[in-house]
Amino acid sequence: MPEPTDKPSKPDFIREIIAADLRAGKHPTTVTRFPPEPNGYLHIGHAKAIVLNHGIRAENAGSGARFHLRFDDTNPIKEEAEYVESIKRDVAWLGADWGEHLYFASDYFDFFHDCAVHLIQAGKAYVDEQDAETIRATRGSLTEAGGESPWRDRPVAESLGLFARMRAGEFADGAMVLRAKIDMASPNLNLRDPVLYRILHASHHNTGDKWCIYPMYDYAHPLEDAIERVTHSLCTLEFENHRPLYEWVIDNCPVPARPRQIEFARLSLTYTVMSKRKLLQLVREGCVSGWDDPRMPTISGIRRRGYPAEAVRAFCRRIGVTKFNATTDVALLEHEVRAHLNRVAPRRMAVFDPVRLVVSDLPAGVVEEVAVANNPEDPAAGTRGVPLTREVWIERDDFREDPPPKYHRLGPGRSVRLRGGPVVTCTGFERDAEGRLSEVRCERIPGTVGADPPAGVQCRAAIQWLSAAHAVDAEVRLYDRLFTVEEPDAAPGGFLSVLNPDSLQEVTAKVEPALAAVEPGYRCQFERIGYFCADACDHRPGERPVFNRTIALRDPWGKKGR
RNA sequence: AGUCCCGUGGUGUAAUUGGCAACACACCAGAUUCUGACUCUGGCAUUCUAGGUUCGAGUCCUAGCGGGACUGCCA
């Protein structure tokens with residue numbers, strides 16, 4: 001099946017800027033990067049940035065464009081090696097290939113240090129011995145200018161000496177900081193002598209105990225971009241006010257290139273908690289089984305949920321890139337997932353709430369094999385043999401004693417197709433002592449396998465079925481994504497895990513384990529997540545079955561027929 | 001309150017130098033169907049407001065209004 005190209009149909013404002021820069025001869029090609037801090041797992045919001053940056057590389061591949069994966073690990077107390085591995089896994093799964101260009105900000109610590117010394121020597125940075133509280137108090141407010149530090153004009157040599165001793169570990173955390181000397185009266189708070197370096201006696205996941213001073217984001221990031229010769233540094237809107245500082249660092253440090261920062265709106269999705277802090281809280285408090293819980297909006301969560309990477313990429317292309325602070329309907333994501341799965345997913349049958357159907361014209365012990373298409377959308381996917389015997393399981397809901405109007409499935413005297421097999425006509429049914437449906441009986445209409453029923457036979461539906469003698473029990477966990485509670489009634493699906501976005505408590509949890517029967521050969525433990533079945537363990541090698549019933553998804557049991 | 005950014009159907013985005021406001025999702029109705037899916041047909045619905053420039057403004061100008069970011073030794 002042809003996959004749409006990664007190239008968006010219309011260039012967004014970022015691509016237009018890049019094209020203009022290229023035309024103006026500012027750069028021979030593009031270098032973009034994805035710079036996560038390894039302090040948590042990536043979520044669907046990060047996918048937008050990854051697809052954007054990697055897409056630009058792909059579009060300029062002809063001129064030798066590069067895409068870097070760089071870990072922005074300048075704060076050792078929040079970062080862990082576990083996160084580095086998960087991030088690499090997730091970026092790769094999304095199809096963004098960084099090739100040899102894997103970098104760590106911590107690899108540049110010497111460079112950052114040398115630039116700091118340069119700034120001090122140039123009289124553009126100084127060591128400030130005020131404590132954090134005092135610095136905060138003298139920063140001023142949104143409307144008032146800040147006050148200058150008493151250490152602001154200390155001699156260069158003194159700052160140099162103090163900075164060297166900071167690095168040597170002579171001072172306790174918080175004793176002093178290195179500050180840029182810019183403008184305490186700037187209307188942009190970021191320019192009021194921002195802190196460049198702080199003392200942190202903490203072990204770093206990459207550099208161990210080599211350093212006890214660590215650079216701040218605003219100082220390190222432009223230097224990271226410059227040393228990697230990044231041409232276009234794409235980040236989210238909240239860094240807009242930081243751009244003047246970004247440019248100040250580039251202007252005042254000995255850098256080999258001049259990267260350009262461009263901001264775009266981060267992704268937010270309806271019903272979706274995207275805050276890393278809150279996701280971490282969910283994991284820590286055990287509300288979910290982990291970062292990769294299928295209900296989580298993390299990359300690893302939606303991967304386990306069965307979302308194909310291609311669909312996530314298509315979604316990122318579809319939503320575009322702008323500076324407008326938008327909230328995208330999660331239905332757009334789900335549409336892309338369904339569209340992709342519908343093209344490529346191998347179909348399998350499963351019955352969730354079985355009731356016995358007796359094919360009375362088929363003798364006990366006889367096994368007839370029928371060839372069922374693996375994917376009706378794709379003949380190349382071939383067929384598989386599914387055993388048909390006298391007793392099969394069908395879905396309890398696929399039979400009605402008193403079928404409502406427009407109900408197309410089984411009822412007394414009605415005909416329906418056993419999907420992939422013959423058309424059968426219902427000849428009777430039985431109830432148990434409690435009055436619950438226990439058995440349905442039917443007869444096959446000869447010659448209807450792979451062929452239309454004879455004229456006069458009304459058959460408008462095909463139901464799923466499984467030979468009772470061959471079907472395999474499977475544990476099914478019924479999950480859905482984690483909906484936030486703002487508008488739970490508007491949230492689709494029947495098996496909701498509803499979350500209060502403020503307290504992060506589940507207010508109505510209907511996560512129910514169930515037993516299901518699946519096709520022979522599929523000893524599946526799978527999770528039915530909303531519309532999809534996926535994440536089968538122990539299934540046929542090389543395949544990820546998506547169960548027929550649930551790929552049909554939007555209205556799996558037909559609300560109109562209820 | 002200052003600085004910066006942003007306002008196009010319900011949602012997300014398009015719209016050549018100013019020239020018939022379009023696409024997708026969602027929703028509604030119908031057709032079709034060996035998945036009540038997919039597909040097909042039809043429908044609903046849009047330029048924040050007020051002035052100005054112009055033959056003509058989503059686009060240019062001015063003023064409002066609305067939303068967002070910023071007062072970490074986080075990123």
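Computed from heavy atoms alone, side chains included, the values below leave out hydrogens, waters and symmetry copies. Labels below follow one simple rule: chain letters A, B, ... track the order of the sequence lines, proteins then strands, and each chain is numbered from 1.
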Sequence-distant partners of [X], ring-ring contact (aromatic ring centres under 6.0 Å, His included), two or more places apart:
{"X": "A:Phe399", "result": "A:Phe429"}
{"X": "A:Phe171", "result": "none"}
{"X": "A:Phe34", "result": "none"}
{"X": "A:His242", "result": "A:Phe239"}

If you compare every side-chain N and O of A:Thr322 against the phosphate oxygens of B:U13 (OP1, OP2), does one of them come in below 4.0 Å?
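Checking B:U13 against A:Thr322, a side-chain N or O does come within under 4.0 Å of OP1 or OP2.
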When you measure from the side chain of A:Asp73 to the backbone N and O of A:Pro38, does any donor-acceptor pair fall under 3.5 Å?
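Not a single qualifying donor-acceptor pair exists.
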Under 3.5 Å, is there a donor-acceptor pair between the side chain of A:Gln464 and the main chain of A:Ala350?
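At least one qualifying donor-acceptor pair exists.
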Quick check for you: among [options], whose closest atom lies nearest to any side-chain atom of [X]?
{"X": "A:Ala326", "options": "B:C6, B:U13, B:U35", "result": "B:U13"}
{"X": "A:Phe324", "options": "B:C34, B:U13, B:A24", "result": "B:U13"}
{"X": "A:Leu332", "options": "B:C25, B:C34, B:C74", "result": "B:C25"}
{"X": "A:His408", "options": "B:C34, B:G7, B:G36", "result": "B:G36"}
{"X": "A:Arg409", "options": "B:A75, B:U13, B:G36", "result": "B:G36"}

Using side-chain contact (heavy atoms from CB on, under 4.5 Å) as the criterion, point out the one residue from A:Ile50, A:Thr298, A:Leu42 that pairs with A:Asp90.
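Testing A:Asp90 for a side-chain contact (heavy atoms from CB on, under 4.5 Å) against A:Ile50, A:Thr298, A:Leu42 leaves exactly one candidate, A:Leu42.
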Strand-adjacent residues in residues 70-80 of chain A, judged by heavy atoms under 4.0 Å from RNA chain B
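Listed by number, they are A:Asp72, A:Thr74, A:Asn75, A:Lys78.
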Could you list by number each residue of residues 166-179 of chain A showing a heavy-atom separation from RNA chain B of less than 4.0 Å, or answer none if no residue does?
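Contacting residues: A:Gly174, A:Val177.
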To the nearest angstrom, how far is [X] atom [atom1] from [N] atom [atom2]?
{"X": "A:Ile319", "N": "B:A14", "atom1": "CD1", "atom2": "P", "result": "11 Å"}
{"X": "A:Tyr246", "N": "B:A75", "atom1": "OH", "atom2": "P", "result": "16 Å"}
{"X": "A:Arg417", "N": "B:G36", "atom1": "CZ", "atom2": "P", "result": "13 Å"}
{"X": "A:Phe13", "N": "B:C5", "atom1": "CZ", "atom2": "P", "result": "13 Å"}
{"X": "A:Leu245", "N": "B:C4", "atom1": "CG", "atom2": "P", "result": "17 Å"}
{"X": "A:Phe112", "N": "B:A75", "atom1": "CZ", "atom2": "C1'", "result": "13 Å"}
{"X": "A:Gln130", "N": "B:G72", "atom1": "CD", "atom2": "C1'", "result": "16 Å"}
{"X": "A:Arg343", "N": "B:A37", "atom1": "CZ", "atom2": "P", "result": "19 Å"}

Taking the six-membered ring where the residue is Trp, are the ring centres of A:His204 and A:Phe109 under 6.0 Å apart?
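When the ring centroids of A:His204 and A:Phe109 are compared, they turn out to be within the sub-6.0 Å range.
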A:Tyr83/A:Phe71 aromatic ring centres below 6.0 Å
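Ring centres of A:Phe71 and A:Tyr83 not closer than 6.0 Å.
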Show, in sequence, the C-alpha distance, side-chain angles and deciding distance for A:Leu178 and A:Leu119, and conclude whether the side chain to side chain contact (heavy atoms under 4.5 Å, CB included) test is met.
CA-CA 10 Å; A:Leu178 182 71; A:Leu119 287 173; over 6 Å; no
What's [X] touching, base or sugar-phosphate or nothing? Going by heavy atoms closer than 4.0 Å.
{"X": "A:Asn39", "result": "nothing"}
{"X": "A:Pro215", "result": "sugar-phosphate"}
{"X": "A:Ile199", "result": "nothing"}

Decide yes or no on side chain to side chain contact (heavy atoms under 4.5 Å, CB included) for A:Leu196 and A:Phe112, but give the supporting numbers first.
CA-CA 10 Å; A:Leu196 267 23; A:Phe112 300 154; over 6 Å; no
Could you pull out all residues at least two apart from A:Pro35 that satisfy side-chain contact (heavy atoms from CB on, under 4.5 Å)?
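Result, side-chain contact (heavy atoms from CB on, under 4.5 Å) vs A:Pro35: A:Arg33, A:Arg70, A:His221.
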Once side-chain contact (heavy atoms from CB on, under 4.5 Å) is applied, do any residues pair with A:Arg396, and if so which ones, sequence neighbours excluded?
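By the side-chain contact (heavy atoms from CB on, under 4.5 Å) rule, A:Arg396 matches A:Asp353, A:Val355, A:Arg436, A:Leu437.
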Ignoring hydrogens and angles, answer whether the base of B:G36 and the side-chain atoms of A:Arg460 contain a donor-acceptor pair closer than 3.5 Å.
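Counting by modelled atom types and ignoring angles, no donor-acceptor contact under 3.5 Å is found here.
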Polar pairs (N or O, both sides) under 3.5 Å between protein and nucleotides 65-71 of chain B?
residue	atom	partner	partner atom	Å
B:G68	O2'	A:Asn325	ND2	3.1
B:A69	N3	A:Asn241	ND2	3.1

Watson-Crick and G-U pairing of RNA chain B, under 3.5 Å, as dot-bracket with | and [ ]
.((((((..((((.....[..)))).(((((.......)))))....(((((..]....))))))))))).....
5′-ward residue of the pair A:Ala265/A:Asp452 relative to RNA chain B:
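Final value for this comparison: A:Ala265.
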On RNA chain B, check which nucleotide each of A:Asp131 and A:Arg243 is closest to and give me the residue with the more 5' one.
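Going by which nucleotide is closer to the 5' end, it is A:Arg243.
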Considering residues at least two apart in sequence or located in another chain, which fulfil the salt bridge (charged side-chain N to carboxylate O under 4.0 Å, His left out) criterion with A:Lys181?
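Scan of A:Lys181 (salt bridge (charged side-chain N to carboxylate O under 4.0 Å, His left out), adjacent residues dropped) gives A:Asp153.
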Salt bridge (Lys or Arg N to Asp or Glu O under 4.0 Å): pairs with one or both residues in residues 239-248 of chain A, sequence neighbours excluded:
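For residues 239-248 of chain A, and leaving out neighbouring residues, the salt bridge (Lys or Arg N to Asp or Glu O under 4.0 Å) pairs sorted by first residue read A:Glu240-A:Lys323, A:Arg243-A:Glu263.
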State the syn/anti category of B:G72 according to its glycosidic angle, syn meaning within 90° of 0.
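B:G72: syn glycosidic orientation.
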